[in-house]
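First up is the structure itself, then whatever we jot down about it.
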There are 2 protein chains.
Amino acid sequence: MARWEPNASGRLREAAMALYTERGYEQTTVGDIAERAGLTARTFFRYFADKREVLFAGSEALEGALRSAVDEAPEDASPMQVVAAVLDGIAALIGRDRDYSRQRQVVIDATPELQERELIKLARLALVLRDALRARGVSDPEAGLAAETALAIVRVGFDRWINTDDERELADVLRESLARLETLVAP
Amino acid sequence: MARWEPNASGRLREAAMALYTERGYEQTTVGDIAERAGLTARTFFRYFADKREVLFAGSEALEGALRSAVDEAPEDASPMQVVAAVLDGIAALIGRDRDYSRQRQVVIDATPELQERELIKLARLALVLRDALRARGVSDPEAGLAAETALAIVRVGFDRWINTDDERELADVLRESLARLETLVAP
DNA sequence: CACGTGATGTCACACCGTGTCATTAGAATC
DNA sequence: GATTCTAATGACACGGTGTGACATCACGTG
């Protein structure tokens with residue numbers, strides 16, 4: 001038996017998601033979230049750095065998955081082949097629950113503050129990818145460009161995956177976006 | 001003769017830049033900035049939406065320049081040719097004062113909050129570019145990909161322009177990054 | 001000179017996020 | 001089973017952010 005009601009962090013995440021959806025991010029105070037979770041605002045800030053972060057738990061897991069995908073790619077894979085593998089890894093993690101992704105994205109799209117947080121999370125992912133590519137010998141500007149390109153594909157593909165009725169897996173949409181980019185950017 | 005000391009907005013910008021550089025963003029209060037500019041905190045918030053925005057005045061001008069560059073591109077230019085023109089337009093605007101850009105970037109790089117704001121400004125630029133491309137007939141996923149690609153080049157190229165000793169113009173660095181990307185991403 | 005107008009100041013306020021210390025519920029030990 | 005230890009939580013105070021409401025000031029205009 002746990003000491004207190006179990007899963008405080010999860011309760012806070014759920015409460016926040018519910019309130020952000022019901023009345024909007026700005027109309028929700030940290031006190032509201034904590035109260036709904038049966039806790040206090042002070043405890044909220046022990047689990048999450050700020051009011052935004054509660055929607056972005058799990059981004060560390062994404063970074064880990066990204067690193068793994070790069071590490072497990074064949075030694076002789078080209079940078080863009082590694083990118084393709086990374087896209088698969090990302091899709092496997094965030095491509096499971098499209099309804100949840102949609103609800104979360106509605107909240108984020110309605111709130112500039114949350115968009116900022118999402119963008120910096122993606123930027124961090126790009127840095128992790130860039131460094132992982134460097135670590136396997138990709139030269140300097142190429143690694144950065146490949147990483148930025150990968151994230152560009154994620155942005156565009158994820159948006160498409162969320163905002164269309166078509167039932168394809170996220171991984172498939174990302175692969176298609178990559179293919180499109182290759183032909184688009186061809187000199 | 002002006003009614004009060006002229007150029008309140010400019011004084012606030014300078015004061016903020018100076019204080020952010022001297023003691024750091026977090027160690028500076030809005031009251032400090034206003035005092036240095038001979039104003040009050042309340043007046044600061046009449047000119048800038050928040051403490052971060054004071055470093056990002058002029059981003060509307062960038063959006064305008066971007067739109068102009070797209071509009072003035074030849075009718076039959078390919079999406080990536082339009083992107084090239086846009087890169088020139090951006091370079092003309094932010095490529096003038098490398099020392100100022102460096103100082104500003106030092107502050108931003110030291111402050112996650114400011115990085116978030118910079119990222120959302122760039123994302124807005126990408127949206128403006130995407131819509132401008134759509135307006136000239138570029139199809140849907142291509143327009144988004146081209147816009148994201150352009151911004152990826154700006155990120156990587158601007159970083160390179162700031163962090164190297166080589167004396168080339170920003171426009172040249174951006175063109176080189178574009179060329180690199182084309183060969184990198186070629187299937 | 002009186003008046004209007006826009007920029008600035010003053011004040012009050014809700015909320016954010018943090019430091020500090022007290023309290024609690026269970027685990028561990030004897 | 002009582003005592004002690006420990007980690008999660010609560011309570012409180014506080015500085016800072018950002019906003020609404022209203023007063024004030026400096027100047028142009030009639």
Side-chain angles (χ1 to χ4, degrees), chain A residues 1-20 22-57 107-108 110-118 120-121, chain B residues 1-57 59 107-108 110-118 120-121:
Chain A
M1 278 266 243
R3 296 182 165 186
W4 290 268
E5 288 302 309
N7 194 22
S9 164
R11 275 151 49 212
L12 287 167
R13 275 202 300 272
E14 280 180 28
M17 185 65 161
L19 290 170
Y20 291 170
E22 288 171 16
R23 36 174 123 149
Y25 172 84
E26 295 187 358
Q27 282 64 48
T28 304
T29 74
V30 173
D32 295 335
I33 300 170
E35 188 181 9
R36 180 133 165 180
L39 295 165
T40 60
R42 190 64 187 88
T43 296
F44 177 96
F45 288 111
R46 290 197 178 97
Y47 284 94
F48 304 100
D50 57 47
K51 193 183 163 187
R52 300 165 274 301
E53 198 64 17
V54 66
L55 273 189
F56 295 89
V107 175
I108 292 175
T111 316
E113 266 186 77
L114 294 173
Q115 293 164 33
E116 293 186 337
R117 182 56 48 87
E118 180 171 55
I120 204 171
K121 294 292 186 184
Chain B
M1 280 261 248
R3 296 181 163 183
W4 292 268
E5 288 302 309
N7 194 22
S9 165
R11 274 151 51 211
L12 287 167
R13 275 201 300 273
E14 280 180 29
M17 185 65 160
L19 289 170
Y20 291 170
T21 300
E22 287 171 17
R23 35 174 124 151
Y25 172 83
E26 295 187 359
Q27 281 63 47
T28 304
T29 75
V30 172
D32 295 335
I33 300 170
E35 188 181 9
R36 179 132 165 179
L39 296 166
T40 60
R42 190 65 185 88
T43 296
F44 177 95
F45 289 111
R46 289 198 178 98
Y47 283 95
F48 304 100
D50 57 46
K51 191 183 163 187
R52 300 164 273 302
E53 198 64 16
V54 66
L55 272 189
F56 295 90
S59 65
V107 175
I108 293 175
T111 317
E113 266 186 77
L114 294 173
Q115 293 164 32
E116 292 186 338
R117 181 57 49 87
E118 180 170 55
I120 203 172
K121 295 292 184 182

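So that the names make sense, note that chain A is the first sequence line, chain B the second, and so on, each numbered from 1.
Counting non-hydrogen atoms under 4.0 angstrom, B:Ala8 reaches the backbone sugars and phosphates but no base. B:Ala41 comes within 4.0 angstrom of nothing in the nucleic acid, heavy atoms only. Among the heavy atoms of the strands, none lies under 4.0 Å from A:Phe44.
Going from atom CD of A:Glu35 over to atom C1' of D:dT9 covers 16 Å, rounded to whole Å. With rounding to whole Å, A:Glu26 atom CD is found 18 Å from C:dA14 atom P. Between the P atom of D:dT17 and the CD atom of B:Gln27 lies a distance of 11 Å, rounded to the nearest Å. We find that NZ of B:Lys51 is positioned 9 Å from P of D:dG16, with the value rounded to whole Å. Distance CG (A:Leu39) to C1' (D:dA8): 10 Å, rounded to an integer number of Å. Between A:Ile33 atom CD1 and C:dC16 atom P there is a gap of 8 Å when expressed in whole angstrom units. One atom, CG of B:Leu12, and another, C1' of C:dA7, lie 13 Å apart when rounded to the nearest Å. The nearest whole Å value for the distance from the CZ atom in A:Arg52 to the C1' atom in C:dC15 is 12 Å.
Residues A:Glu53 and A:Lys121 are paired through a salt bridge, judged by an N-O separation under 4.0 Å between the basic side chain and the carboxylate. Using a 4.0 Å cut-off between a side-chain N of Lys or Arg and a carboxylate O of Asp or Glu, A:Glu118 and A:Arg52 do not qualify as a salt bridge.
Here the closest non-hydrogen pair linking A:Thr28 and A:Arg23 is OG1-CG, 3.7 Å.
Side chain of A:Thr43, nearest nucleotide from C:dG17, D:dT17, D:dT9: D:dT9. Residue B:Arg42 has its side chain nearest to C:dC11 when only D:dT9, C:dG17, C:dC11 are considered. Nearest to the side-chain atoms of B:Thr40 among the listed nucleotides D:dA11, C:dG9, C:dC16 stands C:dG9.
Between A:Tyr47 and D:dA8 there is no side-chain polar atom (N or O) within less than 4.0 angstrom of OP1 or OP2.
For the pair A:Tyr25 and A:Ile108, the minimum side-chain heavy-atom distance is 4.5 Å or more.
Looking at A:Arg46, its side chain comes within 3.5 Å of the base of D:dG10 through a donor and an acceptor atom.
Taking CG from B:Leu12 and CZ from B:Phe48, the interatomic distance works out to 5.5 Å, rounded to the nearest 0.5 Å.
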